[in-house]
Amino acid sequence: MSRKRPSASPVNPVSTQEATPEQAQTSYDPSAIEGRWQSYWQDNQTFRAKNPGDLGFDPAQKKYYVLSMFPYPSGAGLHVGHPTGYIGSDIVARKKRMEGFNVMLPMGYDSFGLPAEQYAIQTGQHPEATTAANVDTYRGQMERIGLSYDWSREFWTSDPKYYRWTQWIFARLFDKGLAYQNEVPVWWCEELKTVLANEEVIQGKSERGGHDCVRRPLKQWMLKITAYADRLIDDLELVDWPESVKTMQREWIGRSYGATVRFGLEQGEGQVEVFTTRPDTLWGATFMVLAPEHPLVAGITTDGQRSDVDAYIRTAANKSDLERTDLAKEKTGVFTGAYALNPVMDPSDPRAKVQIWIADYVLASYGTGAIMAVPGHDTRDAEFAQTFGIDIVQVVEAPEDWKPANEGDCFTGDGTAINSGPIDGLSTADAKKKTIELLAASQAGEAKTNYRLRDWLFSRQRYWGEPFPVLHTDSGVKCVRDEDLPVELPAMDDFTPAEDGSAPLGRATDWVKTTDPETGTAALRDTDTMPGWAGSCWYYLRFMDPHNDEAPFSEDAEQYWGSVDLYIGGTEHAVLHLLYARFWHKVLFDAGVVSTPEPFTKLFNQGMLTAFSFKDKTGRLVPADEVEEHGDKAVHKATGEELERVIAKMSKSLKNVVNPDDVVAEYGVDAFRIYEMFMGPLGESKPWNPRDVLGSRRFLDRVWRLFVDPDGDGSLRDHVTEDGGSDEVERSFHKMLVRVNDSFDGFNFNTAIAAMMIFVNETGKQVEGFGKGQAERFLCALSPFAPHLAEELWARLGNEGGISLADWPLVDESKLVDDTIELVVQVMGKLRARVSVAADASKDDIEAAAKASIPQWLEDKTIVKTIVVPGRLVNFVVR
RNA sequence: GGGGGAGUGGCGGAAUUGGUAGACGCAUCGGACUUAAAAUCCGAAGGACGCAAGUUCGUGGGGGUUCGAUUCCCCUCUCCCCUACCA
C-alpha cells in the first residue's frame, strides 16, 4: 500500500480552532485526516469533563464515569493488546457523550513499583527519569489511537502531588488502628543479598538468577484488611460484576464457619487450640497435628523424640511454600511424644488420649496452626493416618446412595452422627450446633468464623515507592502531620537494595534523621516504602479532582461523580487490585471521605489478545520471523517443514508482539480501532491476525466512496449534500442502528461493525438514494468506532462543532417494517421452500401461500398440524 | 482436587435466546477493468451424491424433550484460564 504514514509521527501540531477539511483528496487517506482531528479535539477541549463549579457545568446533565484500568508505564510501550480495553471504553464514552451525558474518561499511570525500579537499574537511569520518558511514550501512543480522554486530568502515582494524598490516606488507616507493624517472615536471597517480594520468588527461587531463597522474619507494616472481610464479601451483592470475579473474591477471602476447640495436654499445663469447620466430627479425632512452626512444639516434645522433631523442623524450614503444598507428594510428619485429651470425652476413656504430631501439611498461617485430625472424614488426615498407622474411627454415617469414587475414599459430606456419644443420630448441621453448645458449656471451645484472607503485608525494602508518612520517636511511632505531607522520596544515586537486606532509604541518612516538628526532638523516618498496589487503590477518586492541593479531592467533586459507572480491565486484577481498592474505599467511606459504599458499580473484563504462532513436528513453537506463510500454509523458512498454526500468548521470544504504531502507520487509526473491535466480542480472548486488518481498512474505504466519487475531483457526491434519500436506505439504516445500539449491552461491537458493513454494502449499490440526513445519521453511528473519518466527512457535509458532541440518532420503529417478508416453509421441520408475502398478510393467506409453494411435499399426505410463526415460518406436520 | 469459560467452514466469528445454521470479514477460486500488476468492482464457495433441478449429512461425541434444538435436559470427550493440603 502506498499510503504510508511516517511511523510514530506525532499529533499534528498545527493549532486551529476549526479544522478545515482538505478538499483535494479523492481517496481515503487517514494520514491526511487523523492528526488534524486529534489536534482539533485537543484545541477545543472536546472531551473535557465538567466538574461542579466549572464554566459551562450543567447540573441537569447526567454524569457518566468510564474508566479503564490505568497502565504501568513500562519501557516496552504499548502492544496491540493494551488498547482493546481502552478502545472499548472509548467507544462507550463517545456514545454516552452523544447521548447527552457529562462523561468523564480519564487516563493516568501507575508508575511506582518493582518493574519500574528494575528497568531503571538495568538501564542505569533514575526511575524518575525513565518513568517520565515512558509516560511520554504511552501518552503519545494513546493519543495516536484517538482515545477521547480528558487529558487535563492526567497524573501518575509517583508524582509527589499525588502520593502526598496516598500518604494522607495511610494516615487515616493509621488513625483507625488499621495500619500496624509486625514481625513477619519475608523472602531473603542469600546469593543476591536482598529481600525479595513475593512476586519475585518463584518456587522458592529468585526470579532473577534462580538462587535459593529462605524466609526470615522482619518488622513490616501491615494493613488490617481482615477487619473488613465480612463487608468485602457481603457488599459484592451491591455491584454489577461478572459472577466469576465475585466468586474469586469470595474464595480469596475464604470465610468459613466452624468452631475453636481447646484440647488439654496430658502432661503439664497448657492446651492446644484448633479451628475446625466440622466440630461434629470431634469424636473421630484420633490424633492432632501442629505446624512445624507452632510455638508449642518445643515445649511439648519429649526428650526421646526431640532429635527427630528438630530434624523435621529444619527440613520443613528449607522447603518453599510450593514444595510444602505439593498435593502429589507423600504425607510426612513426626510424633512429638506428647498426648492431648479430647475435651468432649472423659479423661479415662481410652479414646480421649490422642497423639500430637508435627507435619508440614498443616500451615502455621491459617487458623491456629494446629488441627484435630479426623481420618475417618478428611482426605488429608486419612492419608496421614494410613501412612503412619494411626486409628481411623467412623463418626458420620454416609447417606445410603453414597459410593466412594475410589476404593478406600473416606466420606467427607454431610450425614448422621454415629459413635459420638451425646450427638449420635443428629444430622451434620444439628450435630455441629450441639457440639458447639457442649464445648461452650465446658469452656473448651466456641463458635468461630475463620478467614483465609490475611492482613496485607504493606511494606517493602525498596526505593521506588511511597515513603511511609511516619516518625519513629522515643515515645513510639507517630504519623507525620497532614500539613507536613508529602514526605518526599529523597533523591538517591544508588537505590539498589543494601547487602544486608536493609532498605536502600536507610543510606539516605540526612533524610532518615529528622526532627519531630511537634516536639522538636530527634526522630527517624521509616525506610520502607509502600507496595506497588498502593497508588492504584484510590486513583479513580483522584481523577474526580486531580489538581486539588487542599484535599485528595473536593467534597463537591466526590458527591457529583460518585462511583465509577463502568470499569474495564483484565481478569488478572480480579482479586488483588479490586480487593485492595474496595478495602480502601470502605475505610474512606467509614471516615466520611467518600459517600458511596463501593467504588466500581459495573465491572467488565476485556479478553486477552493472543497471536497465531507456529508449531513444528516436535511440538516446539517457532518464532514468527522464521516462518513464511503461503495462503493458509505456513512453512519453516530454513527447513521447509510445514508448520501447524496454533494460538499462543504474544511474547517477545516468539516475536509475535505487534506494536499499534506500526498498524496505525500502515492502515490508519480508524482501521486499527475497527479491527480490534471487529475481531470478536470484547470479553473474549482472540488471536491477532495481521492479514485481517485489511478488511477493516477496506470497509472504511467503502465508507469514503459513499461520500466521495473516486473518479471525481474529490468533492462530495451531489446527493449526500441534498435532502432526501430513498426509503430502502432509510430502512436499512434503522435496522443497522438497532444492532449498533444492542451491541453496547454485551460489548460485542463486532456485531455493530458487521451491521454497519451491511449498511454500507447495501447503500453502495444505490448511492443516489443516500441523502444528506441519512449520511449524517450514519456518520453519527460510525463516529464512536471510527471517529477521525466520521469527523472529516461530518465537516465536509458542512457541519460545525464536531461530530463528537452531535446527537446520537434515534431508532424509528416504523421504519423497521418491510412491505413484504420472506417466510420459510417447512415440512416436519425441514426447509422446503420460501415464499414472499405482504407484511400485513393474514394467517390464512400465509398458510395458503405456503401450501401452494410445496405441492410435491403435500401430495399423498394428511396435514396433521400447521404451525405459523408470524414473520418467520410456516411448518406443516404431515402423516 | 476445586472453581470459571469455551468447543460452529481453511481462519476470526454471526444466529433476534426454541424458528432459514455459517451473517460480516480474512484467505481461496472465477469474471470485469488494465499493455500488465496492484487497487477496485461483480460473482462462486460447509461435506457427500448429482450435468442439473435437487437430495442428504452437518454446530466436539452419544442419547432425550419438541412440529422444529447451535440454543433446553441427561451422559461423555477435548481445550483454555484461575486456584490449590485453608482443617
Side-chain angles (χ1 to χ4, degrees), chain A residues 1-2 27 242-245 247-248 250-252 254 256 258 274-278 281 289 322 324-329 331 359-363 365-374 378-381 383-384 405 450-454 571-572 574-575 607-608 610 612 629-633 645 647 674-675 678-681 683-696 698-699 701-702 705 710 738-739 742 748 750-758 761 764-765 822-834 864-867 869 871-878:
Chain A
M1 198 170 309
S2 60
S27 59
E243 213 39 59
S244 59
V245 176
T247 306
M248 275 196 241
R250 278 189 208 107
E251 285 180 357
W252 186 266
S256 54
V274 300
F275 171 75
T276 176
T277 53
R278 290 298 297 272
T281 61
V289 187
L322 202 100
R324 283 181 61 165
T325 59
D326 184 2
L327 273 169
K329 83 171 167 95
K331 290 275 180 291
D360 64 5
Y361 83 91
V362 172
L363 308 175
S365 50
Y366 182 75
T368 62
I371 61 161
M372 62 176 215
V374 184
D378 182 282
T379 325
R380 300 150 299 179
D381 297 346
E383 277 172 34
F384 192 86
N450 215 355
Y451 302 90
R452 189 173 178 157
L453 183 71
R454 319 282 153 78
T571 14
E572 65 272 21
V575 177
M608 203 185 35
T610 52
F612 285 117
E629 283 185 86
H630 310 283
D632 53 1
K633 277 194 187 139
R645 196 155 81 145
I647 288 172
I674 292 273
Y675 173 60
F678 187 58
M679 290 169 78
E684 306 281 301
S685 85
K686 56 243 157 187
W688 177 274
N689 188 352
R691 292 194 295 208
D692 287 354
V693 190
L694 185 59
S696 297
R698 284 180 185 152
F699 163 59
D701 284 328
R702 285 198 298 273
R705 287 197 303 272
V738 167
R739 294 188 60 190
D742 287 350
N748 48 346
N750 53 327
T751 61
I753 293 164
M756 290 191 282
M757 285 173 170
I758 293 171
N761 291 346
K765 286 173 187 159
E822 188 172 78
L823 290 180
V824 167
V825 183
Q826 296 180 335
V827 177
M828 301 298 283
K830 282 193 199 296
L831 172 70
R832 294 305 177 198
R834 292 161 221 270
V864 181
K865 196 175 171 188
T866 305
I867 294 139
V869 184
R872 296 221 180 276
L873 55 78
V874 180
N875 186 17
F876 296 105
V877 184
V878 298

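Heavy-atom basis, side chains included; hydrogens, waters and symmetry copies ignored.
Distance from the side chain of Q826(A) is smallest for G19(B) among the nucleotides G12(B), G19(B), C42(B). Checked against G13(B), C42(B), G19(B), the side chain of K765(A) finds its nearest nucleotide in C42(B). The side chain of F678(A) sits closest to C24(B) out of A87(B), G19(B), C24(B). For I758(A), whose side chain is taken as the heavy atoms from C-beta onward, the closest listed nucleotide among A23(B), C26(B), G12(B) is A23(B). The side chain of F612(A) sits closest to G12(B) out of G12(B), C85(B), C24(B). Among the nucleotides A27(B), U20(B), G25(B), the one closest to any side-chain atom of D692(A) is G25(B). Listed nucleotides: A87(B), G13(B), C85(B). Nearest to the side chain of P687(A): G13(B). Of the candidates U16(B), G25(B), C11(B), U16(B) carries the atom nearest the R872(A) side chain, counting heavy atoms from C-beta on. Picking from U20(B), C67(B), C11(B) the nucleotide with the shortest atom distance to the side chain of N875(A) gives C67(B). Which of A23(B), A87(B), C42(B) sits closest to the side chain of L363(A) comes down to A87(B).
Taking 4.0 angstrom as the limit, S244(A) places none of its side-chain polar atoms (N or O) nearer than this to OP1 or OP2 of G3(B). The shortest distance between the side-chain N/O atoms of R278(A) and the OP1/OP2 oxygens of A87(B) is not below 4.0 Å. The side chain of R452(A) contributes no N or O atom lying less than 4.0 Å from OP1 or OP2 of A84(B). Side-chain N/O atoms of R702(A) include one lying less than 4.0 angstrom from OP1 or OP2 on G25(B). Contact annotation: R698(A) side-chain N/O to A27(B) OP1/OP2 distance is under 4.0 Å. At C57(B), one or more side-chain N or O atoms of K830(A) fall inside 4.0 Å of OP1 or OP2 (strictly under the cut-off). Of the side-chain N and O atoms in N750(A), one or more sit less than 4.0 angstrom from OP1 or OP2 of A14(B).
Heavy atoms of E243(A) sit nowhere under 4.0 angstrom from any nucleic acid atom. Using a 4.0 Å heavy-atom cutoff across all strands shown, S696(A) reaches no nucleic acid atom at all. Nucleic acid contact for R454(A): base, since at least one base atom lies under 4.0 Å from a heavy atom of the residue. Residue-level contact check: S685(A) touches the backbone only, with heavy atoms under 4.0 Å from sugar-phosphate atoms and none from bases. The residue D381(A) sits apart from the nucleic acid: no heavy atom pair falls under 4.0 Å. Within the nucleic acid shown, F699(A) has no heavy atom closer than 4.0 Å to any nucleic acid atom. Using a 4.0 Å heavy-atom criterion, one finds that P710(A) contacts no nucleic acid atom at all.
With rounding to the nearest 0.5 angstrom, the CG atom of N875(A) is 10.5 Å from the CZ atom of R832(A). With rounding to the nearest 0.5 Å, the separation of NZ in K686(A) from CE in M679(A) is 6.5 Å. In this structure, CD1 in I674(A) is found 15.5 Å from CZ in R698(A), a value given to the nearest 0.5 Å.
Atom C1' of nucleotide G4(B) and atom CD of E684(A) are separated by 13 Å, given to the nearest angstrom. Distance, M679(A) CE to G12(B) C1': 8 Å, rounded to whole Å. Taking atom CZ of residue R834(A) and atom P of nucleotide U20(B), one finds them 10 Å apart after rounding to whole Å. Atom-to-atom, CD of E251(A) to C1' of C81(B) comes out at 14 Å; the value is rounded to the nearest Å. Nucleotide A6(B) holds its P atom 16 Å from the CE atom of M608(A), rounded to whole Å. A straight line from CG of N761(A) to C1' of A23(B) spans 12 Å, rounded to a whole angstrom. As rounded to whole Å, 13 Å separates atom C1' of U55(B) from atom CG of L831(A). Rounded to an integer number of Å, the gap from CG of L694(A) to C1' of G12(B) is 15 Å.
Spacing of P atoms, U55(B) relative to C33(B), comes out at 37 Å, to the nearest Å. To the nearest whole angstrom, the two C1' atoms, one in A27(B) and one in G10(B), are 8 Å apart. Atom name P, nucleotides G18(B) and U70(B): the rounded distance is 13 Å, in whole Å. Between the C1' atoms of G25(B) and C79(B), the separation comes to 25 Å (whole Å). Separating the P atom of A15(B) from that of G7(B) is a span of 12 Å, rounded to the nearest Å. Rounded to whole Å, the separation between the C1' atoms of G58(B) and G62(B) comes to 16 Å. Annotation: C29(B) and U83(B) have their C1' atoms spaced 49 Å apart (nearest Å). If you take atom P in C26(B) and the same atom in A44(B), they sit 16 Å apart, rounded to whole Å.
Below the 3.5 angstrom threshold, one finds no donor paired with an acceptor across the side chain of R832(A) and the base of U55(B).
Glycosidic conformation at U76(B) (O4'-C1'-N9-C4 for purines, O4'-C1'-N1-C2 for pyrimidines): anti, more than 90° from 0. In this structure, G9(B) is classed as syn because its glycosidic torsion stays within 90° of zero.
Between T866(A) and V874(A) the shortest heavy-atom distance is CG2-CG1, 4.0 Å.
Positionally, the nearest nucleotide of RNA chain B for T751(A) lies more toward the 5' end than for the other of T751(A) and G829(A).
In this model, a donor atom of one side chain and an acceptor atom of the other lie less than 3.5 Å apart for D381(A) and Y361(A).
Base pairing annotation: C51(B) forms no Watson-Crick or G-U wobble pair, as no partner gives both donor-acceptor distances under 3.5 Å. Look at C24(B): its Watson-Crick or wobble partner, with both distances under 3.5 angstrom, is G12(B). Both distances falling under 3.5 Å, in either a Watson-Crick or a G-U wobble arrangement, occur for no nucleotide opposite U59(B). For U78(B), the paired nucleotide is A6(B), the pair qualifying as Watson-Crick or G-U wobble because both relevant distances are below 3.5 Å.
N450(A) places no side-chain N or O within donor-acceptor distance of the main-chain N or O of S256(A), the cut-off being under 3.5 Å. Between the side chain of Y675(A) and the backbone N or O of W688(A) there is no donor-acceptor pair closer than 3.5 Å.
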